[in-house]
Amino acid sequence: MDVVKKATAAAEEEEVHGVVIVGGGLCGLATALALHRKGMGSLVVERSEALRVGGVALNVHANGWRALEELGLADGLRKTANLITSVRMVRQIQGKNQTTVSSPSYNYARCRKEIRCLRRKDVMEALAKSVPAHTIRYGCRIVAVDEDPGTDCTVLTMADGSTIKAKVVIGCDGWNSVVARYVGLGAPSQLPRFIVLGFASYPEGHPFGTEFSQIIADDFAVGRVPINENLLHFFVSRSPSPGRTDVDEDAARKYVLEKVDELPGEVADMVRRCDAASSWTLTKVWYRPPWQVALAGFRRGAVTVAGDAMHAMGPFIGQGGSAGLEDAVVLARSLSSAAAGDGRAPPRQQLRDDAVGAAIDEYVAERRRRATTLCLHSFAIGTLLTTRWLAVKLACVAVLALLGGDSRRDADYDCGRL
């Protein structure tokens with residue numbers, strides 16, 4: 001009897017699902033929602049104990065808004081943030097300022113030049129409310145991914161020793177991805193740069209209108225992006241001095257913010273308005289080199305990756321979040337081609353085992369070129385800001401010239417219909 005009970009308990013602990021998404025961040029929840037829109041269920045396993053609404057803000061360009069349109073969230077999220085109508089770039093070169101001001105055009109169909117800065121909390125809550133109940137399972141830290149030799153499933157082992165089986169596994173678990181290691185991706189690289197992110201609150205209304213502004217010096221940059229009339233998102237970044245890459249968070253934040261008092265008074269005031277206890281975030285810059293994205297294998301059996309697990313790129317072009325939203329749309333569209341049914345998205349479509357591999361390959365092929373271009377653009381800017389070698393700086397300038405030099409090409413991209 002004891003043997004029977006143990007066998008029954010083991011069977012209950014070992015669950016089998018069609019699609020399991022590892023990571024309940026932006027890309028993970030967007031992928032779950034995109035699959036739901038295509039009539040396919042999924043389980044999201046998230047290591048935290050509740051919805052991760054931390055972090056600060058997301059700059060969403062026109063390409064990201066196209067993806068949000070497909071997910072059915074664009075109209076609601078537009079109400080939470082104002083449209084950015086101009087961009088001001090000030091470059092400090094040998095103590096002198098060079099200023100560039102541009103005004104995006106909004107006359108294109110579907111707001112092809114639309115830029116808004118969204119609070120990450122608003123996006124995450126909108127995604128979580130839109131997926132079916134019980135889609136997200138919290139407190140599940142995946143520590144290992146393995147093949148199940150007895151079936152066509154993949155086994156996910158959690159920290160408590162329990163397991164989940166899945167026909168398809170999608171790793172949306174960030175730059176330090178367990179799933180990425182399973183498919184053969186190496187560890188991401190770190191750029192020598194500290195970044196402090198935060199919100200500045202102006203209860204009486206801020207004076208900056210709808211302008212995105214940046215000041216960029218050799219080893220330092222500061223920027224502000226209005227979210228609405230009373231709230232700004234800001235970032236302050238600085239290259240560490242030699243040997244400082246592993247200092248603790250408080251020391252790194254203090255080091256970054258030392259430069260603020262040297263800037264115009266309105267910038268220092270903006271940073272002081274931040275509630276450090278609740279909205280300051282210090283981050284390091286993790287990225288996958290563009291050559292790795294261009295050449296890596298992003299599939300192993302029925303396991304693949306998306307979001308930062310696939311193409312961590314740093315913040316320099318503001319495309320990390322939008323690229324993850326694009327991944328979600330393309331991946332759901334590809335996987336739906338491997339589902340049984342007539343393509344009209346019945347309530348629950350079932351994956352056909354013989355078509356899953358081809359569907360994932362289709363997704364990888366479509367996303368590889370796009371992700372490589374974005375990673376190259378971000379890598380060139382990040383390297384230009386951090387390198388001390390003139391030859392490397394010139395090479396980065398050449399790459400940026402070939403890519404068009406600004407974000408227009410990135411934002412003009414359309415990931416297509418869901």
Could you tell me whether the side chain of V44 reaches within less than 4.5 Å of the side chain of V131, counting heavy atoms only? no

Any ion pair linking R300 and E147 (charged N to carboxylate O, less than 4.0 Å)? yes

Main chain of T383, side chain of T387: is a donor-acceptor contact present, judged purely on distance under 3.5 Å? no

Before giving the answer on side-chain contact (heavy atoms from CB on, under 4.5 Å), spell out for R116 and V60 the whole-Å C-alpha distance, their side-chain angles and the decisive distance to 0.1 Å. CA-CA 6 Å; R116 296 175 195 262; V60 181; 5.6 Å; no

Quick one: which of L26, V53, L29 gives a side-chain contact (heavy atoms from CB on, under 4.5 Å) with V123? L26

Can you see whether F298 has R367 sitting over its ring - NZ or CZ less than 6.0 Å from the centre and within 45° of the normal? no

Under the side chain to side chain donor-acceptor pair (under 3.5 Å) criterion, do H377 and D410 qualify, and how do the steps go? CA-CA 9 Å; H377 191 178; D410 298 339; 2.8 Å; yes

For the residue pair H311 and D327, what are the closest heavy atoms and their distance? NE2-OD2, 2.6 Å

Could you tell me whether the side chain of S378 and the main chain of M313 form a donor-acceptor pair under 3.5 Å? yes

If you compare all heavy atoms of V179 against all heavy atoms of T304, which two are closest, and at what distance to 0.1 Å? CG1-O, 3.7 Å

Nearest-0.5 Å distance, OG of residue S201 to CZ of residue F199: 10.5 Å

Is it the case that the side chain of W65 and the backbone of A74 share a donor-acceptor pair, with hydrogens and angles ignored and the cut-off at 3.5 Å? no

Is it the case that the side chain of H233 and the backbone of G198 share a donor-acceptor pair, with hydrogens and angles ignored and the cut-off at 3.5 Å? yes

Backbone N or O of A296 within a donor-acceptor pair of the R368 side chain at under 3.5 Å? yes

Between V285 and P315, is any pair of side-chain heavy atoms under 4.5 Å apart? yes

Aromatic Y202 / basic R273 pairing, under 6.0 angstrom, 45° off normal: yes

With a 3.5 Å cut-off and no angle check, do the side chains of R193 and T386 form a donor-acceptor pair? no

Checking S336 side chain against R333 main chain: does a donor-acceptor pair fall under 3.5 Å? yes

Atom CZ of residue position R181 - does it have more than 12 heavy atoms of other residues, nucleotides or ligands inside 6.0 Å? yes

Answer yes or no: is there a side-chain heavy-atom contact under 4.5 Å between R288 and L185? yes

T135 side chain reached by S42 side chain, heavy atoms, under 4.5 Å: yes

Determine whether Y182 and V303 satisfy the following criterion, side-chain contact (heavy atoms from CB on, under 4.5 Å), listing intermediate values before the conclusion. CA-CA 9 Å; Y182 173 76; V303 181; 3.7 Å; yes

If we ignore hydrogens and angles and just use 3.5 Å, is the side chain of E70 paired with the main-chain N or O of L418 as donor and acceptor? yes

Heavy-atom nearest pair, I317 first then H61, reads O-NE2, 3.9 Å

Quick one: does H17's side chain have a donor or acceptor within less than 3.5 Å of a partner on V168's backbone? no

Given side chains that start at C-beta, do those of E46 and Y138 come closer than 4.5 Å, heavy atoms only? yes

Any idea which heavy atoms bring G76 and T80 closest together, and the distance? O-CG2, 3.8 Å

Here the gap from T154 atom OG1 to D148 atom CG, rounded to the nearest 0.5 Å, amounts to 8.5 Å

One pair to check against side-chain contact (heavy atoms from CB on, under 4.5 Å): V178 and V22. What are the steps and the verdict? CA-CA 9 Å; V178 175; V22 181; 6.0 Å; no

Between E366 and R370 (salt bridge meaning N to carboxylate O under 4.0 Å), is one present in this structure? no

Could you check whether any side-chain heavy atom of V356 comes within less than 4.5 Å of a side-chain heavy atom of K167, counting everything from C-beta outward? no

What is the minimum heavy-atom distance between A180 and A309, and which atoms define it? CB-O, 3.9 Å

Is there a donor-acceptor pair closer than 3.5 Å between any side-chain N or O of E211 and the backbone N or O of S213? no

Enter the distance from E125:CD to L51:CG here, rounded to the nearest 0.5 Å. 6.5 Å

If you apply the rule salt bridge (charged side-chain N to carboxylate O under 4.0 Å, His left out), what do you find for D75 with R78, and how did you get there? CA-CA 5 Å; D75 289 344; R78 282 190 176 105; 3.4 Å; yes

Is the shortest heavy-atom distance from the side chain of R88 to the side chain of F212 under 4.5 Å? no

Would you say the side chain of L35 lies within less than 4.5 Å of the side chain of I21, judging by non-hydrogen atoms? yes

dist L156:CG -> C140:SG (nearest 0.5 Å) comes out at 10.0 Å

Angle between ring planes, F379 versus Y287, binned at 30° and 60°: parallel, tilted or perpendicular? tilted

Please walk me through it: do R120 and R52 pass side-chain contact (heavy atoms from CB on, under 4.5 Å)? CA-CA 9 Å; R120 189 175 186 276; R52 285 192 283 125; 4.0 Å; yes

Once you round to the nearest 0.5 Å, how far does NE2 of H206 lie from CG of D269? 12.5 Å

Does D160 have more than 12 heavy atoms from other residues, nucleotides or ligands lying within 6.0 Å of its CG? yes

Distance-only, no hydrogens or angles: does the S177 side chain make a donor-acceptor pair with backbone N or O of D173 under 3.5 Å? no

With rounding to the nearest 0.5 angstrom, report the CZ to CZ distance, R417 to R66. 9.0 Å

More than 12 heavy atoms of other residues, nucleotides or ligands under 6.0 Å from NZ of K129: is that the case? no

In short, A30 meets L127 closest at the heavy-atom pair CA-CD2, 3.8 Å

